[in-house]
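One structure is given here, and the rest of the page talks about it.
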Number of protein chains: 2
Amino acid sequence: MATIRDVAKEAGLSTGTISKALSTPERVSKKNLEKIQIAIKKLKYKPNMLAQKFRAKSSKTIVVLVPDIANQFFASVISGIELVAQNRGYSVLLGDTRDSAVREREFVRMVETKLADGIINLRPYKKEDAILPQDDILSVSASSCEGTPSYSVRIDNVGAAKKAVSHLIALGHKRIGVISGLKENPHNIDRFNGYKAALADANITYDPKLVVAGDFNYWSGLTAAEQFSIMKPRPTAIFSMNDEMAIAAIRGFKDKGINMPEDMSIIGFDDMEVSRYCIPTLTTISQPAEKIGEKSAELLLQLIEGKKPETEEYILPYEFVIRESIAPPKI
Amino acid sequence: MATIRDVAKEAGLSTGTISKALSTPERVSKKNLEKIQIAIKKLKYKPNMLAQKFRAKSSKTIVVLVPDIANQFFASVISGIELVAQNRGYSVLLGDTRDSAVREREFVRMVETKLADGIINLRPYKKEDAILPQDDILSVSASSCEGTPSYSVRIDNVGAAKKAVSHLIALGHKRIGVISGLKENPHNIDRFNGYKAALADANITYDPKLVVAGDFNYWSGLTAAEQFSIMKPRPTAIFSMNDEMAIAAIRGFKDKGINMPEDMSIIGFDDMEVSRYCIPTLTTISQPAEKIGEKSAELLLQLIEGKKPETEEYILPYEFVIRESIAPPKI
DNA sequence: CTGTTAGCGCCTTCAA
DNA sequence: TTGAAGGCGCTAACAG
């Protein structure tokens, strides 16, 4: 492997000049620039970035911690992060933690040991179970929840859920079921609080029987629909903690001969691509996933470059997208 | 940030001893080991891995090129890769190329510039449009297709497709439709060849009208089902190039009053998790995704460590999983 | 505009 | 078992 010294020798110049030619070519004479070009080509010289980074004491890399990489929403957030990072000359190291704290710590170690400059965490957490933030680690929490410590970018989950449920109430619904996500999941908790708040506002008493436990996955939405279909009295509308379960539930209700939206209204959360296509198309909360990613990256890069951001918490606007899946209750 | 020299000073020893204490503690006296431990804790010393890697001239990192990160199958393959890599002390850098050659090149540059030691490519390609392999880059192609240049790990797509279609023929089906994936996609091509081979074996003439173009996504499966439902005569069975489209098609057929498997048989490809749950459960080809990942990683690490693998092409066994979605045709 | 030189943090001889 | 010293490839003074 050719080094900068080999190039210098080949071009009959010093390493300093080669280095300059690479970083600020305008400050090197044209003649020498040409010689250098030729030498580089001849030797197939590629700068050793490991050496560059070592010397610069900065890896120009940020780690993105993802609980589950095969997830549309996260993929969009990552997309936004990469956009900003690349524009600023940073690379993105994806850390699929698969919800394991051990794996999460490993990635934190990477920044402790200089392999990365900072972390964006896509796993929502409350204060209690937080590994991050850590004193000596620059980190930002993306798509976080209420009460996330330190820098964070998110939407108002409570408000969004409340808005959705209030809309159902305004349509005339009184018995509104919930397909919940994982119990301990902070997003689930926030959205659930929004649900309760909407009921409280309308003086509807909260009935825990109307809450069916799901796990954010398709299958659990299907099961939930079955349970709702045999309830007496049956709810007239459902608020699902994500689109995937909502879409499964639509399917499940149809199998039981319950038609949407005539017999049953349903609202999801996320606005996945399929939600525009399913039958009926799904009313849902749309999160600005890419924007969340972009904002998080901007925040982290600010921190890395030693600037102090104005605010700790950035709350981005969501959108309540009304589609075919809701209607006033019968009677 | 404390360096190894600071620790040496604090412990009253030389840097060499500290270094040894970190790598081969058994070769350092217990007394000194203790002193060193204390010094490290006091100074909160963390070795600078950028320096370590620089000196070792090896990043102990492999890049995994993924066309689309939000994809179950790829996620499983990556899982297998990470398993092997971590056991051998390598980290995995995920490169989501989003099918862009530019982005792909960027990751190739990382290994040229020492930021990574080798590449595992999850994008299938034929000889013509290959960026990899490249002379000076160690790479392995995972989940590749027929005719992939250089080291590769895959299943026999042609054989698998042929087996599935032959099974339909054996059940008595003669008009067998296809929901294809993206036209240029090599997996699509291989599987399509398998389909044709099965027809040829049974002396059934290939009818291009029975092929509906899809794109591997849910929505295209739905559309395909609509098209098939108005064909006259309608096919009695469908071979779908992946599970996602197959599951969508089941849905689409049901909407048209076509019941599976009585009125229509269907077979998918991939064996996604949902395929075990949908109604009817889906007959499909199961790929050993994790195993493909593991084998690819083993191969690449062998190459990195300078050993020459026995074979260039590793073909892993697939499984034809028969579930409820197929039956003999009516009459 | 170009060359010289020192040193980033670590590890590995080599000698004690 | 420990210490001293050199060097990995690169860049940033500084001097010319």
Side-chain angles (χ1 to χ4, degrees), chain A residues 1-40 43-61 89 109-117 136, chain B residues 1-40 43-61 89 109-117 136:
Chain A
M1 210 45 313
T3 75
I4 202 169
R5 252 187 292 269
D6 298 326
V7 177
K9 209 174 291 172
E10 176 73 28
L13 293 163
S14 77
T15 59
T17 309
I18 312 299
S19 179
K20 234 159 291 174
L22 259 28
S23 54
T24 48
E26 65 276 13
R27 295 191 178 187
V28 172
S29 72
K30 281 193 183 152
K31 280 179 204 168
N32 284 337
L33 221 46
E34 270 177 39
K35 277 198 227 166
I36 294 172
Q37 303 267 16
I38 295 169
I40 286 179
L43 301 176
K44 290 189 189 156
Y45 168 72
K46 313 264 183 216
N48 180 335
M49 297 191 60
L50 232 35
Q52 283 185 342
K53 291 181 175 208
F54 163 59
R55 183 152 198 300
K57 294 167 187 282
S58 144
S59 59
K60 284 265 185 185
T61 298
R109 272 205 49 206
M110 298 193 76
V111 359
E112 288 177 341
T113 59
K114 306 277 180 191
L115 286 186
D117 301 330
D136 45 347
Chain B
M1 210 46 312
T3 76
I4 202 169
R5 251 188 294 269
D6 299 325
V7 177
K9 207 175 291 172
E10 176 74 27
L13 294 163
S14 76
T15 60
T17 309
I18 313 298
S19 179
K20 235 159 290 174
L22 258 28
S23 55
T24 49
E26 66 277 13
R27 295 191 179 187
V28 172
S29 71
K30 280 192 183 152
K31 279 178 203 167
N32 284 339
L33 220 46
E34 270 177 40
K35 276 196 227 168
I36 295 172
Q37 304 267 15
I38 294 169
I40 286 179
L43 301 176
K44 290 189 188 157
Y45 168 71
K46 313 262 185 218
N48 180 334
M49 297 192 59
L50 232 35
Q52 282 184 346
K53 290 181 177 209
F54 162 58
R55 187 163 191 295
K57 294 168 188 282
S58 142
S59 59
K60 285 265 184 184
T61 298
R109 273 205 49 206
M110 298 193 76
V111 358
E112 288 177 342
T113 59
K114 307 277 179 190
L115 286 186
D117 301 330
D136 45 347

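All chains are named by letter (A, B, ...) in the order of the sequence lines, taking the proteins before the strands, and each is independently numbered beginning at 1. From a predicted model like this one, the values you see are computed outputs, not experimental measurements.
If you take NZ of B:K9 and P of C:dC10, they are 13 Å apart, rounded to a whole angstrom. As a whole-Å value, the separation of B:D6 CG from C:dC8 C1' is 13 Å. Rounded to whole Å, the distance from CG on A:N48 to C1' on D:dT11 is 13 Å. One can place NZ of B:K53 at 18 Å from C1' of D:dC10, the figure rounded to the nearest angstrom. Rounded to an integer number of Å, the gap from CZ of B:F54 to P of C:dT12 is 14 Å. Nucleotide D:dG9 holds its C1' atom 17 Å from the NZ atom of A:K46, rounded to whole Å. Remark: P of D:dG7 and CD1 of A:I4 are 19 Å apart, rounded to the nearest angstrom. One interatomic measurement links the two molecules: CG of A:L22 to C1' of D:dA12, which rounds to 15 Å at whole-angstrom precision.
Across B:P47 and B:Q52, no two heavy atoms sit closer than the pair CB-NE2, 3.8 Å.
With A:T113 contributing its side chain and A:V111 its backbone, the two residues share no donor-acceptor pair below 3.5 Å. In this structure a side-chain-to-backbone donor-acceptor pair under 3.5 Å is present from B:D117 to B:S59.
Under the 4.5 Å side-chain criterion, counting only non-hydrogen atoms from C-beta, B:D6 is not in contact with B:Y45.
For C:dT12, the OP1/OP2 oxygens have no side-chain nitrogen or oxygen of B:K20 closer than 4.0 Å. Dashed line: the shortest gap from a side-chain N or O of A:S19 to OP1 or OP2 of D:dT11 is under 4.0 Å. For D:dA4, the OP1/OP2 oxygens have no side-chain nitrogen or oxygen of B:S14 closer than 4.0 Å. Phosphate contact (OP1/OP2 of D:dT11, side-chain N/O of A:Q52, threshold under 4.0 Å): present. Remark: B:R55 is not in phosphate contact with D:dG9, judged by side-chain N or O atoms under 4.0 Å from OP1 or OP2.
With distances taken from any side-chain atom of A:T15 to the nucleotides C:dG9, D:dT11, C:dC11, the minimum falls on D:dT11. The side chain of A:S29 lies closest to C:dC1, out of C:dC1, D:dA5, C:dG9. Ranking D:dG3, C:dC10, C:dT4 by closeness to the B:P47 side chain, first place goes to C:dC10.
Residue contacts shown for B:L13 are limited to sugar-phosphate atoms, with no base heavy atom under 4.0 Å away.
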What side-chain donor-acceptor pairs closer than 3.5 Å can you find for residues 7-20 of chain B, not counting sequence neighbours?
residue	atom	partner	partner atom	Å
B:E10	OE2	B:K42	NZ	3.0
B:S14	OG	B:G16	N	3.4
B:S14	OG	B:T17	N	3.4
B:S14	OG	B:T17	OG1	3.2

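With DNA chain D read from its 5' end, the first of the two nearest nucleotides for A:S23 and A:M1 is the one closest to A:M1. Toward the 5′ end of DNA chain D lies the nearest nucleotide of B:V28, the other residue of the pair B:V28 and B:K57 mapping further downstream.
Counting atom types as modelled, A:R27 pairs no side-chain N or O with a base atom of C:dC1 as donor and acceptor under 3.5 Å.
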